[in-house]
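Written below as structure tokens is the structure these notes are about.
As a basis for the values below, the full set of heavy atoms in this structure was taken, side chains included, without hydrogen atoms, waters or symmetry mates. Throughout, numbering of the chain's residues begins at 1 and tracks the sequence.
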Amino acid sequence: MKWFVVKGFEFKSVKLNQRLPNGWGNGYVAVPPSHPLWGVDYNNVDQIDVHGGLTYSEMNDVPGLFVEFPEIPTNYWVFGFDTKHWDDTEEKWPKEAVEAETKRLFCQLMDIEIGGL
């Protein structure tokens, strides 16, 4: 899976490896330290609207935490959502839908970067 880089932002969709019925995967967007939401826990972010809400936020500095994330700088803050909610299935959340939702998350974070909080 490849990260897409736009103006210092990074975004990616990651395939889930599990046995339970869920959507295709998760979406993540990594923001640089200059972003207004850098370092903010996802539970404290009200400005973002993604499927199921944000379910992840961490700095990308823990070696081995996410083997999918080695190509982004360790000082970037990563936000994410998942498709492991009640009634999520791969039919309702195929790869294309997860990628589109990840891009929507990216656009919202970009709007906050441009317009501030």
For Asn43, the side chain to side chain donor-acceptor pair (under 3.5 Å) test, sequence neighbours excluded, returns Asp41

Q.
Looking at Gly25, is its backbone amide N or carbonyl O close enough to the side chain of Thr83 to form a donor-acceptor pair, meaning the two atoms are under 3.5 Å apart?
A. yes

Exam field: side chain Trp24 to backbone Ala97, donor-acceptor pair closer than 3.5 Å
no

Notebook entry, point to check: Does the side chain of Thr55 pick up a donor-acceptor pair with the side chain of Asp82 at under 3.5 Å?
Noted result: yes

Exercise. Where the side chain of Arg104 meets the backbone of Asp49, is there a donor-acceptor pair that is under 3.5 Å apart?
Worked result: yes

*Taking the six-membered ring for Trp, are the ring centroids of Tyr28 and Tyr56 within less than 6.0 Å of each other?*
yes

Asp87 meets the salt bridge (Lys or Arg N to Asp or Glu O under 4.0 Å) criterion, sequence neighbours left out, with Lys92

Sub-4.5 Å side-chain heavy-atom contact between Glu58 and Val78
no

State yes or no: are the ring centers of His35 and Trp77 separated by less than 6.0 Å?
no

_Are Asp88 and His85 packed together at the side-chain level, in the sense that at least one heavy-atom pair is separated by less than 4.5 angstrom?_
yes

Leu37 and Val31, any side-chain heavy atoms less than 4.5 Å apart: no

By side chain to side chain contact (heavy atoms under 4.5 Å, CB included), Val50 pairs with (sequence neighbours left out) Ile48, Leu54, Phe81, Glu101, Leu105, Gln108

One should read off an interatomic distance between Glu99 CD and Trp93 CH2, to the nearest 0.5 angstrom, of 12.0 Å

Rounded to the nearest 0.5 Å, the CG atom of Asn75 sits from the OG atom of Ser34 at a distance of 9.5 Å

In terms of heavy-atom contacts, Phe79 and Val45 come closest through CE2-CG2, 4.0 Å

Determine whether Asn22 and Thr89 make a side-chain contact, defined as any pair of heavy atoms from C-beta on separated by less than 4.5 Å.
-> no

Taking the side chain as every heavy atom from C-beta outward, state whether Tyr76 and Met59 have any pair of such atoms under 4.5 Å apart. no

